[in-house]
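Worksheet: one structure, shown below.
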Amino acid sequence: MNSALRFAAPLVLASLVLSLSACNKSENKDEGEAGTETAAAATTDEAAKTEPGAPAVAGIEGLETEKKQVSYMIGLDMAKSLAPIKDDLDVEVIAEAMAASFAGETPKLTDEQSLKIQEAFTAKLQAKQAAEQAAKAAKGKEEGAAFLVANKDKPGVKTTESGLQYRVERAGNGPQPAATDVVRVHYKGTLLDGTVFDSSYERGQPAEFGLNQVIPGWSEGVALMPVGSKYTFWIPSELGYGENGGGPIPPNSMLTFEVELIEIVK
């Protein structure tokens with residue numbers, strides 16, 4: 001479910017309430033210790049307090065009071081959280097509902113009506129997201145397949161029975177890992193548009209993993225490599241993350257990996 005459906009205001013206000021609660025607890029604890037302070041110290045503390053209603057940040061045009069600054073801050077936070085569904089919202093009606101609630105007026109919606117509206121809106125968003133996901137998956141599949149068809153005839157490119165494509169960039173002379181081995185590698189993974197989504201080079205440290213714990217394209221490809229080799233792999237989506245994708249990887253993405261096999265970890 002889209003997190004925006006839960007709405008930002010309750011989260012913001014809950015955070016503020018928790019902060020205030022923590023302050024109150026601290027003040028209550030300090031009350032027991034205050035009796036040991038001198039009257040002079042108490043007077044000094046009182047003088048050091050910020051003037052009630054004074055803004056936390058001075059000199060902001062249109063936000064000259066604490067009340068205005070806090071209100072604007074909450075408004076910004078709500079806007080960021082609700083941005084994904086902004087086209088489905090009427091800001092004036094949101095403000096109307098908040099004002100009525102704060103004033104203790106009878107709301108235009110009962111709890112039952114609110115629940116029905118929320119459920120219907122959630123279903124609408126889920127259907128929209130599913131359609132967008134399906135469109136991305138279809139596009140990824142089509143573009144990836146077209147790339148692999150064009151790539152397979154390029155110099156040095158070989159294609160395995162599964163559809164994995166690879167090219168030897170540097171030949172090694174060490175042993176080849178078995179399907180159950182743990183290997184240490186340096187690698188960079190990119191999407192079809194050239195976006196780097198993962199790189200051990202950028203982290204400055206090789207990665208270690210079992211060949212039976214990664215995507216099929218990796219397992220098959222790295223098993224072809226003698227230690228000391230560097231290969232480029234072009235992995236079809238069905239040998240990668242498939243229709244669901246994963247993290248920064250869109251659904252049905254064809255993936256390119258540059259891989260250096262450093263050693264087989266014993």
Side-chain angles (χ1 to χ4, degrees), residues 127-266:
K128 180 181 178 181
Q129 290 169 351
E132 291 174 349
Q133 186 81 349
K136 288 180 181 178
K139 181 181 178 182
K141 188 77 170 179
E142 181 180 350
E143 292 179 345
F147 174 89
L148 292 169
V149 168
N151 191 61
K152 67 182 178 61
D153 295 325
K154 291 183 178 178
V157 176
K158 299 179 181 180
T159 305
T160 69
E161 186 176 346
S162 70
L164 173 70
Q165 295 183 1
Y166 70 95
R167 182 175 63 210
V168 178
E169 309 294 352
R170 183 182 70 238
N173 55 12
Q176 290 179 230
T180 56
D181 280 337
V182 176
V183 296
R184 178 176 291 118
V185 298
H186 254 317
Y187 68 92
K188 179 177 73 172
T190 57
L191 302 175
L192 193 56
D193 64 1
T195 300
V196 177
F197 61 83
D198 194 9
S199 174
S200 65
Y201 296 106
E202 292 182 0
R203 292 191 293 272
Q205 183 175 357
E208 292 185 10
F209 53 82
L211 285 187
N212 59 357
Q213 299 174 328
V214 290
I215 58 175
W218 259 88
S219 299
E220 179 184 356
V222 177
L224 299 172
M225 302 176 67
V227 170
S229 298
K230 180 177 181 179
Y231 282 24
T232 296
F233 297 112
W234 293 275
I235 301 177
S237 61
E238 59 268 22
L239 299 178
Y241 292 89
E243 293 185 357
N244 295 324
I249 301 173
N252 277 342
S253 291
M254 191 285 302
L255 307 175
T256 301
F257 279 98
E258 297 175 17
V259 182
E260 292 184 74
L261 179 54
I262 299 171
E263 68 174 309
I264 300 171
V265 180
K266 300 297 184 182

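Every heavy atom of this structure was used, including side-chain atoms; hydrogens, water molecules and symmetry mates were not.
Rounding to the nearest 0.5 Å places CD1 of Ile249 at 7.0 Å from CD1 of Ile215. With rounding to the nearest 0.5 Å, the separation of CG in Leu192 from OG in Ser237 is 11.5 Å. Here Thr256 contributes atom OG1 and Asn151 contributes atom CG; the two are 7.5 Å apart, rounded to the nearest 0.5 Å. The structure places NZ of Lys188 at 13.0 Å from NE2 of His186, a figure rounded to the nearest 0.5 Å. To the nearest 0.5 Å, the span separating NZ on Lys230 from CZ on Arg167 amounts to 10.5 Å. The distance from atom OG of Ser253 to atom NZ of Lys139, rounded to the nearest 0.5 Å, is 10.5 Å.
Annotation for Ser229 and Gly172: closest pair OG-N, 2.8 Å, computed over non-hydrogen atoms. Counting all heavy atoms, side chain and backbone alike, Leu224 lies closest to Pro226 at O-CD, 3.5 Å. When every heavy atom of Val222 is checked against every heavy atom of Pro177, the shortest pair comes out as O-CG, 3.5 Å. Of all heavy-atom pairs spanning Gly246 and Tyr241, the tightest one is N-CB, 4.3 Å.
Counting heavy atoms of neighbouring residues, nucleotides and ligands inside a 6.0 Å radius, atom CD of Glu243 does not exceed 12 of them. No more than 12 heavy atoms of other residues, nucleotides or ligands shown are found within 6.0 angstrom of CD on Glu142. Within 6.0 Å of the CD atom in Gln205, the count of heavy atoms belonging to other residues, nucleotides or ligands does not exceed 12.
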So Arg203 and Asp198, side-chain contact (heavy atoms from CB on, under 4.5 Å) or not? Walk me through it. CA-CA 9 Å; Arg203 292 191 293 272; Asp198 194 9; 2.6 Å; yes
Verdict with reasoning, Met225 to Phe233, per side-chain contact (heavy atoms from CB on, under 4.5 Å): CA-CA 11 Å; Met225 302 176 67; Phe233 297 112; 3.7 Å; yes
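Looking only at side-chain heavy atoms (C-beta outward), Leu164 and Ile235 come within less than 4.5 Å of each other. Looking at heavy atoms from C-beta onward, Leu255 lies out of side-chain contact with Thr190 at the 4.5 angstrom threshold. You'll find the side chain of Met254 stays beyond 4.5 Å of the side chain of Glu143, heavy atoms only. A 4.5 Å side-chain heavy-atom check between Ser200 and Val185 finds every atom pair outside the cut-off.
For the pair Ser219 (side chain) and Leu211 (backbone), a donor-acceptor distance under 3.5 Å is present. Panel note: side chain Gln176, backbone Ala223; a donor-acceptor pair is recorded below 3.5 Å. In this structure, Ser199 contributes its side chain and Tyr201 its backbone to a donor-acceptor pair below 3.5 Å. Judged purely by atom type and a 3.5 angstrom limit, Asp193 uses its side chain to pair as donor or acceptor with the backbone of Thr195.
Remark: the Glu220 side chain and the Tyr166 side chain contain no N/O donor-acceptor pair separated by less than 3.5 Å.
Tyr187 and Phe257 have tilted rings, their planes meeting at an angle from 30° to 60° on a 0 to 90° scale. Between Trp218 and Phe209, the two ring planes are perpendicular [angle over 60°; tilted spans 30° to 60°].
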